[in-house]
Each structure stands twice: as C-alpha cells, then as structure tokens.
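Structure first, commentary second.
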Amino acid sequence: MSAHDHAFMARALQLARKGLYSTHPNPRVGCVIVRDGRIVGEGWHARAGEPHAEVHALRQAGELARGATAYVTLEPCSHFGRTPPCADGLIAAGVALVVAAMQDPNPQVAGKGLKRLAEAGIEVRSGVLESEARALNAGFVKRMESGLPLVRVKLAMSLDGRTAMASGESQWITGPAARAEVQRLRAQASVVLSGADTVLSDDARLTVRPDELGLGAELTALAQRRPPLRVLVDGRLRVPLDKAFFQAGPALVATCAAALARERYQQEGHELLAVPGSNGHVNLRKLLEELAARGANEVLVEAGPRLAGAFARAGLVDEYRIFMAAKLLGSSARPLLDLPLNRMAEAPELQIVDIRAIGDDWQITARP
C-alpha cells in the first residue's frame, strides 16, 4: 500500500462517515476517483434507495473517470437491488483500477463485484485500510456474517457505579454534553431498544431530538428522514398505551403475552411482535434475530439494570458506552447491571478501547 493509496482511501472513509446516521439498512460507503494524482470526483451513499457512492463520484468525474483509479470503501455491488450494480457503472465509465478497502460481506456480492471488474479488464486491489472500513460498518458486517445486529448498551452512572436512586429517580445523572452524545448514538442506530421498567419509571420516549444532535443542517436533515425503530421489550404488556413512549410515534413491542391485544396496538399505530420466552421474559437472541431479518445493523439498548444485565448474561453485548458523572449516589442506589456474581473468576473481562471527556462527564467505550 502506497502513501497515495492510504491518503485517497482515508478520504473515501471520511466521506463514508457522512452516512453514519442515514444509510440503514445499507452500509456506509465513500468513493474517490483519482486521475494523475488528483481527485476528480468523489461521493458518498446517503440513503437506501438513492444512488451509491460510486455513482455520485462518477457523475462528478465525468469523462475524467476514463483511465482513472477508483478508491471505494466497500467492494462495488454486482447485483440489482433498489439501484443498478455499481460494478457495471465503473466498467462503463472506463476506470483502469479499482481499489477497495474490503470485500462486501453480503452473500449477494461477496467477491462477485471485484470478479466482474477483473473480467472486464479492470485491475482490482483490496485490503487498503480494511480494519477502518470494517469498524465503520461493524453492524452491517455482523448482520451479514452472523444474522445478528451489533448490540451497543448505553449506561449512565455515578462515580460509585450507580444508575438511579432507590426510588428509581435517574434524571439527570449526566450533563447536557453527554445527553447530546446519546442523541447521536440514537440517530446512528437502526433500533433503539428499552424495557418496561425504564419506560414506566422515566416516562421515556427514546426519540431523536434533532436540535440536540449538533451535526449541521445536511446530516441532521438526513437523520430526521431515517429515525431509528423504537422497540419496547414488554413481556407482560405492562406499559399502558397512553404513556409518552407510545404517544411519541410508531413503535414495536416485543412480548411473550398472548396475541389477543395485537389489534388494539395496531389501531394505535404500533406493532405487537410475539417472541418466544419463559416466565414473561422475552428471548433476547430470538428478538435480535428478528430485528436483523428486518435489516437492523445496530441496536442501541437504553435500559435499566435488569434488561441490560439480561443482555450481558446472554452474551449478546458487543459494546458498552458508559457515561460516568462526577457524582456519588450512595450505597442504596441502583447498580449498573443486574449481574449476580459470586466469585472473582466469574467477573466478565472487558477491553476499554476509548475514554474521553464529554463536557463535565466521561465516556468509556468497552468491549467484551
């Protein structure tokens, strides 16, 4: 990999990140067209059903694309979906070389795009900044490879590891900067998921508030066009339909309860999803499989210690985002997770991959 390859692919990844809040269920992709060492066209995929990154870049390059090099963060697609194959567009434009950061994990593509280009006489290379490209689309990659979405659990706690007072009072542990970061996490997710306890105690809506995103007009508008699906795990249907969560817009309710109430939820604009479970507790893996089948790449869990702990105990958490405030809530306050452990050997080990200040608080990113 040359310094030029690195620089141009880095620019393509920078463009791809502009789709962080809007491409679901598609991956985030950027493309740069280079001729004689100069960028002549660039583009990024903004929204499912709209032109892919390569199309935007080729349009900008025009005739200068002939004989040029295309840097793309994901293998160009080779199949007809909601848009035509990008591999065909690159062939028709006459590019001489295509450099891909990574092969597409989608079985419908999976090497076929690069093969199609090679058969057309175009030189192909892949693996330039691959780890960065995979990280940008970690949820899409996981869904394609395992049939499950990436699960990110957001938690807010005090310095002594407590999330709420014994009464359930929890607003607000963290400050406005941390809350704005949570809004961006929601906007990035395909699904925002919570449990009955949180919705009942906090009167939570779990919506994205555009005025708190701080993304600029273009990205905020795109995020508003693709709000995340709000999912409530309510095994016994304890949350009344007149609660703020349901008044805030359409939602999906995952439950073990009898489906007799389905029509009542539909009349209010919501979907009731029957999920296998036991003792009124939804099987979380089955729920995630269903969400993945619906195209969910990333699930943000914003729940109390019981549901967050259930995801942890089931081994379903890919990442924790823990917001820590400089407060002490005391020994009678509620713990971070309902995770009963008896011996030190049982303690799950996490890798802390990032710690940063968010206003007056700290954000810790940790992975199993």
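Across V299, L148, V151, L273, a single residue satisfies side-chain contact (heavy atoms from CB on, under 4.5 Å) together with L291, and that is V299.
For D360, the CG atom counts as loosely surrounded, since its 6.0 Å shell holds 12 or fewer non-hydrogen atoms of other residues, nucleotides or ligands. Taking a 6.0 Å sphere around CG of N279, one finds it holds 12 or fewer heavy atoms contributed by other residues, nucleotides or ligands.
A distance of 5.5 Å separates CD1 in I364 from CD1 in I322, rounded to the nearest 0.5 Å. Taking OG of S126 as the start and CE of M102 as the end, the distance is 10.0 Å to the nearest 0.5 Å. Rounded to the nearest 0.5 angstrom, L136 CG and S131 OG are separated by 11.5 Å.
Hydrophobic clustering of Ile, Leu, Val, Met, Phe, Trp and Tyr side chains at less than 4.5 Å, counting indirect connections, keeps V191 apart from F140. Note: the hydrophobic cluster containing L90 does not contain L15 (ILVMFWY, side chain heavy atoms under 4.5 Å, direct or indirect links). Both V128 and V34 are part of a single hydrophobic cluster, where members link through side-chain heavy atoms under 4.5 Å apart. Both L206 and L237 belong to a common hydrophobic cluster when Ile, Leu, Val, Met, Phe, Trp and Tyr are linked at side-chain heavy-atom distances under 4.5 angstrom. Hydrophobic clustering of Ile, Leu, Val, Met, Phe, Trp and Tyr side chains at less than 4.5 Å, counting indirect connections, unites I91 with V95.
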Identify every side-chain donor-acceptor pair in residues 219-233 under 3.5 Å, counting partners at least two apart or on other chains, and give the distances.
residue	atom	partner	partner atom	Å
T220	OG1	G216	O	2.7
R225	NH2	E50	OE2	2.9
R226	NE	Y21	O	3.4
R226	NH1	A189	O	3.4
R226	NH2	A187	O	2.7
R226	NH2	A189	O	3.1
R230	NH1	R205	O	2.8
R230	NH1	F245	O	2.8
R230	NH2	F245	O	3.1
R230	NH2	G249	O	2.5
R230	NH2	P250	O	3.4

What pairs of donor and acceptor atoms, side-chain ones from residues 53-68 against any protein atom, are under 3.5 angstrom apart with sequence neighbours left out?
residue	atom	partner	partner atom	Å
Q60	OE1	E42	N	3.2

Could you list the donor-acceptor pairs under 3.5 angstrom formed by side chains in residues 300-312, with sequence neighbours left out?
residue	atom	partner	partner atom	Å
E302	OE1	R186	NH2	3.2
E302	OE2	R186	NE	2.6
R306	NE	D197	OD2	3.0
R306	NH2	D197	OD1	3.3
R306	NH2	D197	OD2	2.8

Do L159 and K327 pass the side chain to side chain contact (heavy atoms under 4.5 Å, CB included) test, and can you show the C-alpha distance, the side-chain angles, and the key distance before you say yes or no? CA-CA 6 Å; L159 276 177; K327 296 177 182 176; over 6 Å; no

Check step by step if side chain to side chain contact (heavy atoms under 4.5 Å, CB included) holds for V124 and K115. CA-CA 9 Å; V124 297; K115 181 181 178 184; over 6 Å; no

Could you check V29 against W44 for side chain to side chain contact (heavy atoms under 4.5 Å, CB included), going step by step and ending with a plain yes or no? CA-CA 6 Å; V29 182; W44 56 283; over 6 Å; no

Are F323 and M157 close enough, and set up right, to give a side chain to side chain contact (heavy atoms under 4.5 Å, CB included), and what steps lead you there? CA-CA 6 Å; F323 294 87; M157 71 175 190; over 6 Å; no

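H270 contributes a side-chain N or O that, together with a main-chain N or O of A251, makes up a donor-acceptor pair within less than 3.5 Å. Here the side chain of N137 pairs no donor or acceptor atom with the backbone of V141 at under 3.5 angstrom. The backbone N or O of A178 lies less than 3.5 Å from no partner atom in the side chain of T174, so there is not a single donor-acceptor pair. D234 contributes no side-chain N or O that, together with a main-chain N or O of A196, makes up a donor-acceptor pair within less than 3.5 Å. In terms of modelled atom types and a separation under 3.5 Å, the side chain of D36 and the main chain of R38 share no donor-acceptor contact. Although no hydrogens or angles enter the test, the distance criterion places a donor-acceptor pair under 3.5 Å between the side chain of T255 and the main chain of G235. In this structure, the side chain of T73 engages the main chain of G30 through a donor-acceptor pair within 3.5 Å.
We find that E132 and R17 are not joined by a salt bridge, their nearest charged nitrogen and carboxylate oxygen being 4.0 Å or further apart. Using a cutoff of 4.0 Å between basic side-chain nitrogens and carboxylate oxygens, E319 and R321 are scored as salt-bridged. A salt bridge is defined here as a Lys NZ or Arg NE, NH1 or NH2 lying under 4.0 Å from an Asp or Glu carboxylate O, and R116 with E119 fails to meet this definition.
Counting only residues at least two apart or in different chains, side chain to side chain donor-acceptor pair (under 3.5 Å) contacts with residues 285-301 comprise R28-E298, R143-N297, R152-E298, Q188-E298, E271-R294, E290-R294.
Using modelled atom types and a 3.5 Å distance limit, the side chains of R264 and Q267 yield no donor-acceptor pair. Side-chain contact annotation: S22 with R47, donor-acceptor N/O pair under 3.5 Å absent.
Across all non-hydrogen atoms, the minimal contact from R11 to I39 is CG-CD1, 4.1 Å. Closest of all the heavy-atom pairs between L114 and A100 is CD2-CB, 4.3 Å. When all heavy atoms of A101 and A133 are compared, the pair lying nearest together is CB-CB, 3.6 Å.
Residues passing the ring pair (Phe, Tyr, Trp, His ring centres under 6.0 Å) test with H24, sequence neighbours excluded: none. With sequence neighbours excluded, the residues satisfying side-chain hydrogen bond (donor to acceptor under 3.5 Å, both in side chains) with D354 are R356.
Under the 30°/60° scheme for interplanar angles, the aromatic rings of F8 and Y71 are found to be tilted.
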